[in-house]
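Because the structure is predicted, anything quoted here is derived from the model rather than measured. One-based numbering, in listed order, for ligands and for the atoms of each.
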Amino acid sequence: MAATRRLVNTVAVITINHPPVNALSSSVRHALVEEFGKASKDPTVEAIVLNGSNGKFSAGADIREFGTSAIKTVSLEDINGTIEASQKPVVAAIEGIALGGGLELALACHYRVADIQSRVGLPEVLIGILPAAGGTQRLPRLIGIPAALDVIVRGRHIPATEALNLGIVDEVVQGSAVDAAIQLAQKVIGLPLNKRRLSTLRISSNLNMEDFLDTTVEKTKKQFRGAQAPMACIEAVRASVLLPYHRGVEKERQLFLSLWATGQPQAQQYAFFSEREAAKWSHPSGARWYSEEPKLVRTAAVIGLGTMGRGIVISLSKANIPVIAIEQDAYQLEMGKKAVNSLLEREAEKLKQQGFSPGSKLASVHFTLAFGELQDVDLVIEAVYENMELKKEIFRKLSSVCKSNAFLCTNTSGLNIDEIASVTDRPNQVIGTHFFSPANIMKLLEVVRGQQTSLTTIATAMNLGKILGKVTVLVGNCPLFVGNRMLGPYLEQASYLLEEGCYPETVDRAMEEFGFAMGPFRMMDLAGLDVGWRSRTEKGLTGANVPQGTPARKRLGNRYSPLADLLCESGRFGQKTGKGWYQYEKPGGRTARPDPWVKDFLQKYRKTHQIKQQPSNQEQIVERCVYALANEGFRILEDGIASCPEDIDVIYNNGYGWPKYRGGPMYYASFVGLPKVFNTLEKYYKANADVPSMKPAFLLKKLAAVGGPPIKEWRLQVGKPVNKL
Ligand SMILES: CC(C)(COP(=O)(O)OP(=O)(O)OC[C@H]1O[C@@H](n2cnc3c(N)ncnc32)[C@H](O)[C@@H]1OP(=O)(O)O)[C@@H](O)C(=O)NCCC(=O)NCCSC(=O)CC(=O)CCCCCCCCCCCCC(=O)O
Ligand SMILES: NC(=O)C1=CN([C@@H]2O[C@H](COP(=O)(O)OP(=O)(O)OC[C@H]3O[C@@H](n4cnc5c(N)ncnc54)[C@H](O)[C@@H]3O)[C@@H](O)[C@H]2O)C=CC1
């Protein structure tokens, strides 16, 4: 039964019953109509309580119904209208979650009681749409325009106590929200309901409202570059100020349909389900997520408290896992300790504001120099410098001090997991846990399995990712894994574009207008140009080990751009030195300004090497960079390093600032059309045979040859994720 009804004295309790999250599917909506109809007509019923089964009110509309005929059957907004118009008081008992259509349903009720652990929100914007069951019209009438805009445009989940302060709910309780709702319902029987019907309220507007909305539009445009849903949300809220309720609802629906026509909701909903699919990992042996039990991680250690280690410690502490944090000397330990403690204080403050005692949520962190103290930890994450010899030294030590069943993880951004594992007494318990910077904020965790990594180790690392609140993707072991490996050809193209006449700001602008959070040159400046330089020097691509007589712009017969090396040789390492592809206000500064030095340097470079200037336009810049990225994604699939294109997209959406409304590089390639991507790459490669990264991948060629089937069908061509490298 999609909804059930029981009677408690004179209160009918209607319960939505659609596991796992009580999404408001067509069958639920039909059942709600039926149960409300019966309760309204039943003379023994004087009030109604609405709740959800299994401690969850509702996660909103059933997202899988969008794009199908099911969404067009009985409308949620009509149900909301019926509930609001009811002559009998209706109280929503919110447990767990009331999100999207779930909260819209609750807003149609006359009262709302929430349990203290619950969260409410209108997160539709995160899946490319807007609340379209009256939410953009009722919420502003309840809490005012600025607060409603904040809730709707950001789509965040609001803890119950904050919802109470905002006025979204009427009561927050520690015990059963259903019991409290029944009590409230009994108390309000017979009281007038007019003021409780949100659609009838007037928005207290002042003369500046239009200005305020216009300013919000400008701010939002900048913040959510290219995303249509946040803008539509603002326009719907504007309608709540300008129009009577019913016309506002019409506008809401129109905006929904226009959004749908942009294709962005489909991309974002693909991204939503791909994230959930990524958790359902598979292994070449045939094992899957449900066949392996993860081990419990009760305590953990982090080695190295630099940029990454600090964030990893915070993530563990926030997940209530006590941490031992280790550094190499007293000075580094003190620096790390100060940084971690200051981040922990910020977290504690946030928790206090949400009404929690920080002690109940943040686990302790113990700082030490002594590896001997690691003998009892369940799992260690190493985050020392990116140097194979140092990592091996650390893993040898860990192998000798940690208990035999402890898991040993490395945060390397691309070194060989098997080589690191080989120095330990337990290569089966070694795994890559590649966090992204800042590790306490970024959602992505790339889990890298080695040849010998056991299924239990994989299950434990994947489960740890979930506990830390990360979007976790399992990948195979190859140089740079998935995300960073794909960056190679992308950055290579960005560099060639400069050689051919573009400037860093032109390329960055094109990529940022495409939707990337940051263009390639701003990204390199942020990460530090020295990191790549060191790696290229170690590989003999630059520096003293380059064989005599090697042409400046060739390596091993292929095209090579030495631009980044030349910058580093001038001491320009990016933000950290105040100079890189851009200039900054000071070392460590964040505001990138085009640098006349770079312009002059590029002009001289082009002259020296007699490079014909043919600056690409925005479309060409995007095509070259993005197709190069996707092409490497196809190779990664061929090599068995990623299990499916969806995993690659999840990595790019959550770790590399790819615009979610474009689904991810593989989804985008599919959206553009694989034959087009193939032909463009083929044409480029034919003209530039010394750029092998642009040679269309075999898998792309194969899929393009059959017309570019939908992304769901690529798996058939890809096969099992067996590492073929
Ligand atoms: C709820 C969560 C916070 C739970 O998180 P967690 O516990 O971590 O579990 P998950 O793994 O995330 O989820 C478990 C399981 O549930 C699935 N799921 C979750 N939410 C939904 C959902 N809303 N619908 C369907 N399925 C859902 C999830 O995929 C998992 O299953 P699995 O994939 O099989 O493993 C978290 O899940 C979460 O945040 N969920 C999303 C919440 C959300 O975004 N809610 C908003 C939904 S949209 C909405 O409510 C819209 C409305 O406001 C009303 C719409 C009315 C529209 C009417 C317009 C009419 C126009 C018609 C024309 C349409 C165009 C056309 O078709 O042509
Ligand atoms: N910085 C980034 O954006 C990312 C880095 N990584 C990887 O994470 C790892 C760490 O990188 P960062 O934090 O950036 O480096 P970092 O240079 O900021 O920090 C490294 C820390 O390790 C400590 N350390 C060195 N030797 C040690 C030893 N013997 N014992 C204990 N501590 C020791 C150092 O004192 C330093 O504090 C590297 O493998 C890197 O490739 C991964 C993802 C992103």
Side-chain angles (χ1 to χ4, degrees), residues 18-25 29 56 58-72 75-77 80 96-105 119 121-136 155 157 252-254 256-257 259-261 265-266 268-269 272-277 279-280 302-312 325-329 331-333 335-336 339 369 371 381-387 390-391 393-394 397 410-415 432-439 442 446 466 469 483-484 526-528 531 535 655:
H18 186 209
V21 291
N22 293 324
L24 302 169
S25 62
R29 298 196 305 275
K56 291 185 178 105
S58 169
D62 188 333
I63 303 168
R64 290 185 205 274
E65 280 186 358
F66 293 131
T68 73
S69 56
I71 192 74
K72 293 173 187 153
S75 104
L76 184 58
E77 165 45 17
N80 290 344
I97 42 163
L99 299 173
L103 179 58
E104 292 178 294
L105 188 61
R119 292 170 290 148
L122 294 173
E124 284 86 343
V125 70
L126 305 177
I127 51 167
I129 55 171
L130 78 164
T136 63
H157 293 193
E252 193 186 70
R253 190 184 164 87
Q254 267 171 24
F256 181 98
L257 293 173
L259 273 178
W260 196 257
Q266 294 85 333
Q268 280 179 253
Q269 288 161 29
F272 175 86
F273 288 115
S274 298
E275 278 173 26
R276 270 117 199 117
E277 279 306 302
K280 299 171 185 169
V302 175
I303 319 292
L305 293 177
T307 310
M308 295 307 291
R310 293 168 189 185
I312 298 171
I326 296 228
E327 255 297 344
Q328 60 175 333
D329 59 40
Y331 174 74
Q332 296 288 356
L333 187 69
M335 298 293 285
L369 292 173
F371 272 74
I381 301 175
E382 163 277 311
V384 302
Y385 307 126
E386 186 76 340
N387 175 292
L390 175 61
K391 302 238 181 222
E393 182 193 318
I394 300 281
K397 261 194 208 167
T410 170
N411 189 51
T412 173
S413 31
L415 296 176
T433 46
H434 182 205
F435 289 80
F436 286 70
S437 179
M442 291 293 285
E446 229 182 9
K466 189 172 176 190
N484 287 346
L526 174 69
V531 181
S535 150

For this session: Scan the protein's non-hydrogen atoms and note whether one is under 4.0 Å from atom 5 (O) of ligand 1.
Result: no

Exercise. For ligand 1, is there an N or O atom under 3.5 Å from any N or O atom of A61?
Worked result: yes

Exercise. Which atoms of ligand 1 are found less than 4.0 Å from any heavy atom of A23?
Worked result: 24 (N)

Exercise. Which ligand 1 atoms does F273 reach within 4.0 Å, using its non-hydrogen atoms?
Worked result: 29 (O)

Problem set entry | Contact (N/O only, under 3.5 Å) between E277 and ligand 1 | no

For this session: Ignoring angles and geometry beyond distance, decide whether A59 reaches within less than 3.5 Å of ligand 1 through its nitrogen or oxygen atoms.
Result: yes

For this session: Salt-bridge test for R29 and E65: reply yes if a basic N is under 4.0 Å from a carboxylate O, no otherwise.
Result: yes

Exercise. Heavy-atom distance from atom 8 (O) of ligand 1 to the protein below 4.0 Å?
Worked result: no

Seminar exercise, completed: Chain-and-number sorted residues having a heavy-atom contact under 4.0 Å with ligand 2 are I303, G304, L305, G306, T307, M308, E327, Q328, Q332, A383, V384, Y385, E386, L390, K391, I394, N411, T412, S413, H434, F435, S437

Exercise. Does the protein put a heavy atom less than 4.0 Å from atom 34 (O) of ligand 1?
Worked result: yes

Exercise. So which of R64, E65, E124 gets nearest to atom 51 (C) of ligand 1, if we judge by its closest heavy atom?
Worked result: E124

Exercise. Can you find an N/O atom of R253 closer than 3.5 Å to an N/O atom of ligand 1?
Worked result: no

Problem set entry | F371: partners by ring pair (Phe, Tyr, Trp, His ring centres under 6.0 Å), with sequence neighbours left out | none

For this session: Could I get the full list of side chain to side chain donor-acceptor pair (under 3.5 Å) partners for N387, not counting sequence neighbours?
Result: none

For this session: Check each atom of ligand 1 against the heavy atoms of V21 and keep those under 4.0 Å away; list them by number with element.
Result: 16 (O), 18 (N), 19 (C), 20 (N), 21 (C), 27 (C)

Seminar exercise, completed: Applying salt bridge (Lys or Arg N to Asp or Glu O under 4.0 Å) to K391 and not counting sequence neighbours gives E382, E386

Exercise. Could an N or O of ligand 1 be found under 3.5 Å from any N or O of R119, whether backbone or side chain?
Worked result: no

Problem set entry | Among G100, A98, P20, closest by any non-hydrogen atom to atom 15 (C) of ligand 1 | P20

Exercise. When you look for heavy atoms under 4.0 Å from ligand 1, do you find them on the side chain of K280, its backbone, both, or neither?
Worked result: side chain

Exercise. Under 4.0 Å from any heavy atom of G60, which atoms of ligand 1 are there?
Worked result: 50 (O)

Exercise. Counting both backbone and side chain atoms, is some N or O of P131 under 3.5 Å from an N or O of ligand 1?
Worked result: no

Seminar exercise, completed: Nearest non-hydrogen protein atom to atom 44 (O) of ligand 1, with distance, is P123 CG, 3.7 Å

Exercise. So which protein heavy atom does atom 25 (C) of ligand 1 come closest to, and at what separation?
Worked result: D62 OD1, 3.2 Å

